[in-house]
Amino acid sequence: MSGKFITFEGVEGSGKTTQIALLADYFKSLGHDVVLTKEPGGTKIGAKLRALILDPETKLSAQNTEVLLFYADRLEHVETVIKPALAAGEIVLCDRYIDSTTAYQIGGRGVNPDIINTLNTLINLMPTQTILLDISPTEGLTRAKSRGQLDRFEQEAIEFHERLRTQYLKTAAENPDRITVISVSGKSIEAVFEDILKIISI
Ligand code: Z5A
């Protein structure tokens, strides 16, 4: 595969969606072909899965149902959007990917890592580079709450959000060549973007 696959990660309200859009515009202004996508919800079927997964009315009884829904979304996304774009030499920018599963389902929910490792063999694709926007869950959730109704994850207790931030930082420490942590606490949108441009490589 000749393209570049860059993912953005972080807790709710860390600014991923804002920054990834700025980066897409920046790359396009340089004449690159860019695919801007997200998980869950990067395909037609994924959009339906996303609505189901985020709906506060969705009640899942078995612990692993949630993770299977994310992998149904991911498999369709990787096979029909990400891999074809990379094969065509494009830059793929993805808002959340496998590190979100590690943070939310392993760190947050306590899913057995062996299950995720097995599911990852179906996906067989890791990002070229990952940017982790780090912020305290309290600050991130305050931003998210300012937008209105909270989704199924945003409604979780603060301890859940603290666990997934801890897991994110652990994953970053274990993958220093791929993941760069950018502290965004109290920084303006412009200041964060400047930090991103300093470390992005294509
Ligand atoms: N999930 C999972 O559990 N397992 C998985 O494998 C995957 C996902 C792939 C997807 O929701 C949910 O699925 C997610 C994890 C779970 N949990 N939740 N909720 P999502 O992707 O839609 O949710 P999100 O990633 O948390 O999106 P978000 O809340 O929109 O956060 P964000 O994209 O990081 O932030 P933003 O939209 O760019 O900014 C949020 C607000 O802050 C907005 O009003 C901005 O204008 C403002 N903002 C942004 N930057 C700044 C700065 N620097 N200063 C001040 N204000 C700012």
Side-chain angles (χ1 to χ4, degrees), residues 7-25 36-43 46-47 49-56 58 60 63-78 81-82 93-111 113 115-117 119-120 122-123 125-127 130-158 160-161 163-165 167-168 171 181-196:
T7 58
F8 275 62
E9 295 284 354
V11 299
E12 280 79 3
S14 54
K16 300 175 303 301
T17 310
T18 304
Q19 296 297 334
I20 208 169
L22 290 174
L23 192 61
D25 288 345
L36 174 55
T37 188
K38 67 179 176 189
E39 288 194 358
T43 61
L49 288 167
R50 179 185 174 88
L52 178 72
I53 292 168
L54 297 186
D55 186 349
T58 298
L60 302 174
Q63 187 193 40
N64 293 320
T65 307
E66 183 177 271
V67 83
L68 291 173
L69 290 172
F70 278 114
Y71 272 83
D73 171 75
R74 182 161 299 141
L75 192 53
E76 284 297 304
H77 189 212
V78 163
V81 177
I82 300 178
L93 300 178
C94 189
D95 192 342
R96 297 194 179 279
Y97 191 60
I98 284 173
D99 298 314
S100 281
T101 312
T102 307
Y104 283 75
Q105 278 65 53
I106 297 178
R109 303 264 196 242
V111 169
I115 292 171
I116 310 289
N117 290 337
L119 290 168
N120 283 342
L122 292 173
I123 304 297
L125 179 71
M126 286 306 282
T130 297
I131 294 170
L132 171 57
L133 301 181
D134 182 51
I135 192 169
S136 77
T138 311
E139 198 176 337
L141 284 168
T142 303
R143 289 183 188 173
K145 278 178 188 157
S146 68
R147 283 178 315 195
Q149 213 217 342
L150 298 182
D151 68 32
R152 207 164 58 81
F153 291 92
E154 290 162 349
Q155 290 185 359
E156 290 285 343
I158 192 72
F160 172 84
H161 298 280
R163 282 201 302 281
L164 56 95
R165 184 196 193 187
Q167 179 62 59
Y168 262 135
T171 306
V181 182
I182 296 181
S183 171
V184 300
S185 190
K187 278 187 198 158
S188 68
I189 290 171
E190 296 74 21
V192 174
F193 190 57
E194 274 178 32
D195 286 350
I196 290 171

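Counting convention: from 1, in listed order, for ligands and their atoms alike. Throughout, residue positions are numbered sequentially from 1 according to the sequence presented.
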query: Does Arg163 count as lying over the ring of Phe160, i.e. NZ or CZ under 6.0 Å from the six-ring centre, within 45 degrees of the axis?
result: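 No - Arg163 does not lie over the ring of Phe160 by the 6.0 Å and 45° rule.
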query: Quick check: does any side chain N or O of Arg50 sit under 3.5 Å from a backbone N or O of Pro40, one acting as donor and the other as acceptor?
result: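 Looks like yes, one N/O pair under 3.5 Å.
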- prompt: Taking the side chain from Gln19 and the backbone from Ile189, do they hold a donor-acceptor pair closer than 3.5 Å?
  reply: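 Yes, Gln19 side chain to Ile189 backbone: donor-acceptor pair under 3.5 Å.
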Report the nearest protein non-hydrogen atom to [atom]: residue, atom name, distance rounded to 0.1 Å.
{"atom": "atom 35 (O) of ligand 1", "value": "Gly15 N, 3.1 Å"}
{"atom": "atom 34 (O) of ligand 1", "value": "Lys16 NZ, 2.6 Å"}
{"atom": "atom 17 (N) of ligand 1", "value": "Glu12 OE2, 3.0 Å"}
{"atom": "atom 8 (C) of ligand 1", "value": "Phe70 CE2, 3.4 Å"}
{"atom": "atom 33 (O) of ligand 1", "value": "Thr17 OG1, 2.4 Å"}
{"atom": "atom 38 (O) of ligand 1", "value": "Thr18 OG1, 2.5 Å"}
{"atom": "atom 43 (C) of ligand 1", "value": "Arg147 CD, 4.5 Å"}

field: Greater than 12 external heavy atoms within 6.0 Å of Gln155's CD
entry: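 Atom CD in Gln155 is crowded, with more than 12 foreign heavy atoms closer than 6.0 Å.
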How does [X] reach ligand 1, if at all, at less than 4.0 Å between non-hydrogen atoms: by side chain, backbone, both, or neither?
{"X": "Ser188", "value": "backbone"}
{"X": "Arg50", "value": "side chain"}
{"X": "Thr101", "value": "both"}
{"X": "Arg74", "value": "side chain"}
{"X": "Leu54", "value": "side chain"}

Side chains of [X] and [Y], donor plus acceptor under 3.5 Å:
{"X": "Tyr71", "Y": "Arg74", "answer": "yes"}
{"X": "Ser185", "Y": "Glu139", "answer": "yes"}
{"X": "Ser100", "Y": "Glu9", "answer": "yes"}

Mark up the atoms of ligand 1 that fall under 4.0 Å of a heavy atom belonging to [X], in ascending order.
{"X": "Ser14", "answer": "34 (O)"}
{"X": "Lys187", "answer": "52 (C), 53 (N), 54 (N)"}
{"X": "Glu39", "answer": "9 (C)"}
{"X": "Glu154", "answer": "19 (N), 29 (O)"}

- prompt: Checking side chain to side chain contact (heavy atoms under 4.5 Å, CB included) for the pair Val78/Tyr97: CA distance, chi angles, key distance, verdict?
  reply: CA-CA 10 Å; Val78 163; Tyr97 191 60; 3.5 Å; yes
query: Do the side chains of Asp195 and Val184 get nearer than 4.5 Å, heavy atoms only?
result: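 No, every pair of side-chain atoms sits at 4.5 Å or beyond.
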Parallel, tilted or perpendicular: ring planes of Phe153 versus Phe70, cut at 30 and 60 degrees: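 The rings of Phe153 and Phe70 sit tilted, inter-plane angle from 30° to 60°.
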message: So, 4.0 Å and heavy atoms of Gly13: is ligand 1 close enough to count as a contact?
response: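 Within the 4.0 Å threshold, so yes.
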message: I'd like to know whether ligand 1 has Asp151 as a neighbour, heavy-atom separation below 4.0 Å.
response: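 Contact check Asp151 vs ligand 1: positive.
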Presence of salt bridge, Arg109 and Glu156, under 4.0 angstrom: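 Salt bridge present between Glu156 and Arg109.
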task: Return the option from Arg143, Arg96, Gln105 holding the heavy atom at the smallest distance from atom 25 (O) of ligand 1.
output: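 Ranked by closest heavy atom to atom 25 (O) of ligand 1, first place is Arg96.
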message: Just to verify, which of Leu133, Val192, Leu132, Asp134 counts as forming a side chain to side chain contact (heavy atoms under 4.5 Å, CB included) with Ser14?
response: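 One option only clears the test, and that one is Leu133.
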